[in-house]
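These notes concern the structure reproduced below.
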Amino acid sequence: MSIDLSVTFTGLRFENPFLLSSAPPTESENNILRAFEAGWGGVVTKTIGMHPVVNVAGPKTKFLRYYPETKALSMNKGRSGVLQASWNWELISDKPLDWWVPRLGRIKKAFPDRALVASIMAGSGSDKELDHWRSLARACEGEGCDALELNLSCPHMDREDMGSNIGKNEKLCSFVTQVVKEAVKIPVWAKLTPSTTDIAMEAGAVFTGGADAVSASNTVPSLPLIDPETLDFEMNVDGLVSSGGLGGPAILPQSMAKMAQMTRVFPEKAFSGIGGIEGFGHALNYFLLGCGTVQVCTAAMLDHAVGPNVIKQLLQGLREFLDKNAHRGWKSVEDFRGLRRERIVAHSQIRRPEDSDYQGGYEAEGYAEPVRS
Ligand SMILES: Cc1cc2nc3c(=O)[nH]c(=O)nc-3n(C[C@H](O)[C@H](O)[C@H](O)COP(=O)(O)O)c2cc1C
């Protein structure tokens with residue numbers, strides 16, 4: 001039985017379901033061309049804005065590692081430790097739209113059969129800002145991009161009307177999605193932040209605005225650790241730090257929980273899973289929760305900047321998984337997608353020992369006061 005690694009997602013065909021997410025691996029034409037040569041099924045560009053941004057004076061990303069001999073958890077003790085997470089406070093692309101436009105066209109011409117998704121971001125506080133969304137969207141569509149991903153999730157925004165501050169506001173994220181949808185014909189994905197109470201609410205809002213898919217998650221708001229010797233944050237500029245974003249292995253279970261909140265409420269909708277993926281076993285979690293594609297950042301950054309070995313292993317892992325499950329009739333991702341979505345239930349639905357009933361924390365047991373004799 002022949003296996004098929006391709007997927008159809010938001011109406012687009014992907015040679016395989018593995019994408020590089022919007023981040024340093026997709027920050028330049030050269031990187032994206034290298035990524036396609038390496039075999040990635042698609043890329044989401046580093047987020048493009050109208051105007052150049054200026055990053056902090058110093059490193060923008062570091063990697064948090066665990067050193068078993070000393071039990072140290074640090075970003076500054078070399079590569080011998082075990083990777084736990086990435087931490088970054090990098091802003092969107094420092095190249096403006098004008099820089100990107102000819103490059104997007106050239107990339108698309110060089111790889112017409114690969115999916116090129118443009119990540120875009122603007123403010124939302126005025127008509128002028130909404131026009132920026134329209135301009136960005138139309139320019140990327142005009143260069144042949146296959147889809148757009150709206151960055152409604154950048155965690156390091158001072159502006160109240162940008163990034164994750166849009167993604168935390170149901171009305172705003174619905175409205176911005178609608179504005180972009182009305183401006184273009186290509187599919188529009190919305191990338192959401194994990195830092196809300198129930199991400200299914202924001203997913204519902206962007207779907208109401210017309211989103212064709214939700215990508216999640218972006219990084220988790222967090223701080224670098226404090227060095228116990230110097231008492232300085234391990235990443236700082238002049239001793240100061242601001243909230244940044246955690247990615248990599250540490251966020252896989254958290255991002256899964258967010259994804260499950262959404263896929264359970266919207267089983268028919270399209271989702272792209274992001275967070276903590278390095279090997280196929282990690283990606284499989286997202287497929288089993290209902291995702292049609294997955295995206296990778298941290299693992300690719302640590303593998304020759306665009307993840308040539310990561311994509312090789314992901315493809316090999318998917319092939320082996322399909323071969324191993326051929327007896328079930330599985331030939332492609334679609335055959336096992338969403339298979340574990342319904343296994344996530346309320347705590348009270350989990351079996352208790354000896355068939356005793358659980359009262360959900362009410363009455364007679366659970367969190368009730370113990371009976372005193
Ligand atoms: C240095 C760095 C820069 C990032 N820049 C962007 C960005 O411009 N736009 C965006 O949507 N996400 C951005 N992200 C988030 C990633 O695309 C991804 O959502 C996140 O890192 C989780 O995936 P991972 O666990 O594979 O790293 C960035 C992440 C890192 C580490």
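Being a predicted model, the structure only gives us computed values, none of them experimental. For ligands, and for the atoms within them, numbers begin at 1 and follow the listed sequence.
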Next on the checklist: Can you confirm, on distance only, whether ligand 1 has an N/O atom lying under 3.5 Å from any N/O atom belonging to T298?
Outcome noted: yes
Checklist entry - Is the shortest N/O to N/O distance between V296 and ligand 1 below 3.5 Å? => result no
Item to check | Pairs where residues 131-157 contributes a residue and the test ring pair (Phe, Tyr, Trp, His ring centres under 6.0 Å) is met, not counting sequence neighbours | outcome: H51-H132
Item to check | Chi angles and distances behind the ring-ring contact (aromatic ring centres under 6.0 Å, His included) call for F9, W189 | outcome: CA-CA 11 Å; F9 185 77; W189 308 356; 5.1 Å; yes
Item to check | SB check K128 D131 (cutoff 4.0 Å) | outcome: no
Checklist entry - Under 3.5 Å, N or O to N or O, is S119 touching ligand 1 that way? => result no
Checklist entry - P24 heavy atoms, cut-off 4.0 Å: which ligand 1 atoms fall inside? => result 1 (C), 2 (C), 3 (C)
Checklist outcome for this item: Under 4.0 Å from one or more heavy atoms of I274, ligand 1 contributes atoms 18 (C), 19 (O), 22 (C), 23 (O)
Item to check | K60 near ligand 1 by a heavy-atom separation under 4.0 Å | outcome: no
Next on the checklist: Within ligand 1, which atoms have a heavy atom of T219 less than 4.0 Å away?
Outcome noted: 20 (C), 21 (O)
Item to check | A299 touching ligand 1 at heavy-atom level, < 4.0 angstrom | outcome: no
Next on the checklist: With nothing but distance in play, are any N or O atoms of K46 less than 3.5 Å from an N or O of ligand 1?
Outcome noted: yes
Next on the checklist: Using a 4.0 Å cutoff against the non-hydrogen atoms of G276, which atoms of ligand 1 qualify?
Outcome noted: 24 (P), 25 (O), 26 (O)
Checklist entry - Judged by non-hydrogen atoms, does G275 sit under 4.0 Å from ligand 1? => result yes
Checklist entry - How about S22 and T47: does a side-chain donor come under 3.5 Å of a side-chain acceptor? => result yes
Checklist entry - Is the shortest N/O to N/O distance between A23 and ligand 1 below 3.5 Å? => result no
Checklist entry - Counting from 1, what ligand 1 atoms have a heavy atom of G248 closer than 4.0 Å? => result 24 (P), 25 (O), 27 (O)
Checklist entry - Do T196 and M201 have side chains that get closer than 4.5 Å, going by heavy atoms? => result no
Next on the checklist: Suppose I only count heavy atoms of T61 and a 4.0 Å limit; which atoms of ligand 1 are within that range?
Outcome noted: 1 (C)
Checklist entry - Would you call D146 and R114 a salt bridge, using N to O less than 4.0 angstrom? => result no
Checklist outcome for this item: In terms of its nearest heavy atom to atom 2 (C) of ligand 1, the top option of N88, L19, L252 is N88
Checklist outcome for this item: If we number the atoms of ligand 1 from 1 as shown, the ones under 4.0 Å from a heavy atom of S217 are 19 (O)
Item to check | Element-labelled atoms of ligand 1 that are located less than 4.0 Å from some non-hydrogen atom of G247 | outcome: 25 (O)
Checklist entry - Would the number of heavy atoms belonging to other residues, nucleotides or ligands and lying under 6.0 Å from CD of E69 be above 12? => result yes
Item to check | Lys/Arg N to Asp/Glu carboxylate O, E234 vs K62, below 4.0 Å | outcome: no
